[in-house]
2 protein chains.
Amino acid sequence: MTQQNNTEKDEFDLRNFLPFLLNQAAEESSLEFQRVYKDRYGMLRTEWRVLFHLGNYGEMTARDIGSRAKIHKTKVSRAVRRLEQRRYLQRLRDDKDRRVERLSLTTSGQAVYRELRGIARDYDAKLAARFTTGEAALLRMMLRRLAGMD
Amino acid sequence: MTQQNNTEKDEFDLRNFLPFLLNQAAEESSLEFQRVYKDRYGMLRTEWRVLFHLGNYGEMTARDIGSRAKIHKTKVSRAVRRLEQRRYLQRLRDDKDRRVERLSLTTSGQAVYRELRGIARDYDAKLAARFTTGEAALLRMMLRRLAGMD
DNA sequence: GGATAATAGTTGATTTTGTAACTAACAAGG
DNA sequence: CCTTGTTAGTTACAAAATCAACTATTATCC
């Protein structure tokens, strides 16, 4: 692994490139939480997200979830089916608009959600503890802005 | 999309959960750059990363790239093969250790790298411009720490 | 009202990724 | 040397993501 290139003025370092950095940080900082929902609950990434949306915001449609979390509708559709098969959520056809399904967590879905939410809360605190309170708040603010969640 | 749940003390908001936030920010902030390497060069995410590692750091082995960027070796292997097929990189069997392949960019690989690097630089600047200089520097620092890149 | 377009969600075919098992080369210790 | 273990990289098969086409329902507007 020798140094070559960069004979021209080198104002670029991959390790500082924001999209790369964000991805590395996202990947690394979700590893531990991933192990919980994956190994312990056999859930996929999209599945815990759907579960958390329903747990956090209450009844929603697949479309709502997709647009909030920017998940493609086919991914949502498949995640919903699997959560339904595990009896974590139920669908209710909307009578006003019969294309729409109103999704909500079952009792056992809520139990799983509360369990995972506790773990998520602790894990988040652990991550944030690497910074001062002010820094962590600033970080969240900047990430929300980058994510277009303002 | 009604509000239900959270009857108990609600100290948790998905929109502030760092792993989620990081992922959303990473996803959103790489969209535009992705369009460039994907639509314009037919490259996959792992491929531009391998290309950038070689362009940025010079000759490396597949193993080096994988450990630096935390990419699994099978992913690296496949990305290398495709970049080789497109004549963007070349392999050289190491004579000291004949298991190892020393990878480096071809002339046209370097041309593509320089092109993409320029775009990356501009794009990064555009992202960083959403913050003050100090905030952006702090953001990068925090991300490096979260990514375990200290 | 009836054609046309738009929306919610699903399904199927293709591509990409993940997991394990594999080959080939080197290393260490007897 | 010669077993045993380790490392670099590839391949095969299963799982998951992507993209396009599909059904069913509602909205638009002439």
Side-chain angles (χ1 to χ4, degrees), chain A residues 1 23-24 26-28 30-31 34-35 37-39 41-51 53-54 59-86 89-104, chain B residues 1 23-24 26-28 30-31 34-35 37-39 41-51 53-54 59-86 89-104:
Chain A
M1 191 163 77
N23 201 83
Q24 296 295 104
E27 210 58 46
E28 179 65 26
S30 61
L31 269 180
Q34 180 176 33
R35 261 194 297 279
Y37 65 72
K38 206 169 177 184
D39 296 355
Y41 293 95
M43 268 192 245
L44 256 31
R45 197 204 291 247
T46 310
E47 290 166 34
W48 82 256
R49 287 193 179 193
V50 168
L51 186 91
H53 272 79
L54 294 173
E59 190 178 275
M60 296 176 84
T61 70
R63 187 188 156 284
D64 290 335
I65 297 172
S67 75
R68 274 226 193 196
K70 297 208 184 91
I71 305 172
H72 193 271
K73 61 181 182 174
T74 64
K75 260 169 116 175
V76 176
S77 173
R78 281 164 176 141
V80 165
R81 182 171 50 194
R82 294 168 77 152
L83 290 172
E84 188 189 28
Q85 283 166 349
R86 273 166 224 184
L89 70 74
Q90 58 213 352
R91 314 176 191 228
L92 210 68
R93 189 59 72 177
D94 188 317
D95 280 327
K96 311 281 179 195
D97 183 345
R98 303 189 41 72
R99 289 169 300 183
V100 172
E101 290 177 336
R102 289 160 35 217
L103 308 171
S104 56
Chain B
M1 191 163 79
N23 202 83
Q24 296 295 103
E27 212 57 47
E28 178 66 26
S30 61
L31 269 181
Q34 180 175 33
R35 262 195 296 278
Y37 65 73
K38 207 170 177 182
D39 296 355
Y41 293 95
M43 268 192 245
L44 256 30
R45 189 194 288 224
T46 309
E47 290 166 35
W48 81 257
R49 286 192 179 194
V50 167
L51 186 91
H53 273 79
L54 294 174
E59 191 178 274
M60 296 177 84
T61 71
R63 188 188 156 281
D64 290 335
I65 296 172
S67 74
R68 275 225 191 197
K70 297 210 184 91
I71 305 172
H72 194 271
K73 61 182 182 174
T74 63
K75 259 170 117 176
V76 176
S77 173
R78 291 191 260 240
V80 165
R81 181 171 50 196
R82 294 169 76 152
L83 290 172
E84 189 189 28
Q85 283 166 348
R86 273 167 224 184
L89 70 73
Q90 57 213 352
R91 314 179 192 226
L92 209 68
R93 189 57 74 177
D94 188 317
D95 280 326
K96 312 280 180 198
D97 184 344
R98 304 191 41 72
R99 289 169 300 184
V100 173
E101 289 177 337
R102 289 159 38 216
L103 308 171
S104 56

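Only a predicted model underlies this, so the values are computations on that prediction, with no experimental measurement involved. In what follows, every chain begins at residue 1, and chains take the letters A, B, ... in the order their sequences are listed.
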Please report, rounded to the nearest Å, how far the [atom2] atom of [N] is from the [atom1] atom of [X].
{"X": "D94(B)", "N": "dG9(D)", "atom1": "CG", "atom2": "P", "result": "10 Å"}
{"X": "Q34(A)", "N": "dT19(C)", "atom1": "CD", "atom2": "C1'", "result": "14 Å"}
{"X": "M43(A)", "N": "dA16(D)", "atom1": "CE", "atom2": "P", "result": "14 Å"}
{"X": "E47(B)", "N": "dT17(C)", "atom1": "CD", "atom2": "C1'", "result": "13 Å"}
{"X": "L92(A)", "N": "dG9(C)", "atom1": "CG", "atom2": "C1'", "result": "16 Å"}
{"X": "L89(B)", "N": "dG9(D)", "atom1": "CG", "atom2": "P", "result": "12 Å"}
{"X": "K96(B)", "N": "dA8(D)", "atom1": "NZ", "atom2": "P", "result": "18 Å"}

Between R91(A) and dT10(C), is there a side-chain N or O to OP1/OP2 distance below 4.0 Å? yes
Indicate whether OP1 or OP2 belonging to dA25(C) is found under 4.0 Å from a side-chain N or O atom of R98(B). no
The criterion is side-chain hydrogen bond (donor to acceptor under 3.5 Å, both in side chains); which residues satisfy it with [X], sequence neighbours excluded?
{"X": "E84(A)", "value": "R91(A)"}
{"X": "R81(A)", "value": "none"}
{"X": "R102(A)", "value": "E59(A)"}

Looking at dA8(C), dG9(D), dT26(D), which one has an atom nearest to any side-chain atom of V100(A)? dA8(C)
Of the candidate nucleotides dA25(C), dT7(C), dT17(C), which contains the atom at the shortest distance from the side chain of D97(B)? dA25(C)
Looking at every strand, decide which applies to R45(B) at a 4.0 Å heavy-atom threshold: base, sugar-phosphate, or nothing. nothing
Using a 4.0 Å heavy-atom cut-off, does R82(A) contact any base of the nucleic acid, only the sugar-phosphate backbone, or nothing at all? sugar-phosphate
Show every donor-acceptor pair shorter than 3.5 Å between a side-chain atom in residues 71-80 of chain A and any protein atom, with sequence neighbours excluded, or say none if there are none.
from: H72(A); atom 1: ND1; to: T74(A); atom 2: N; distance (Å): 3.2
from: H72(A); atom 1: ND1; to: T74(A); atom 2: OG1; distance (Å): 3.2

Does [X] reach the side chain of [Y], with side-chain heavy atoms less than 4.5 Å apart?
{"X": "L103(B)", "Y": "L83(B)", "answer": "no"}
{"X": "L31(A)", "Y": "Q34(A)", "answer": "yes"}
{"X": "R45(A)", "Y": "Y37(A)", "answer": "yes"}

Minimum heavy-atom separation for Q24(B) to A69(A), with atom names? NE2-O, 3.1 Å
Locate the shortest heavy-atom distance separating V100(A) from R93(A); write the atom from each residue and the value. O-CD, 3.5 Å
Which residue, L44(B) or E101(A), contacts DNA chain C at a nucleotide closer to its 5' end, judged by nearest heavy atom? E101(A)
Between D95(B) and K38(A), which is nearer to the 5' end of DNA chain C once each is assigned its nearest nucleotide? K38(A)
Run the salt-bridge test on R82(A) and E47(A) with the 4.0 Å N-O cut-off and return the result as yes or no. yes
Using a strict heavy-atom distance below 4.0 Å, which residues from residues 71-81 of chain B are in contact with DNA chain D? K73(B), T74(B), S77(B), R78(B), R81(B)
What pairs of nitrogen or oxygen atoms, one from the protein and one from nucleotides 2-6 of chain D, lie under 3.5 Å apart?
none

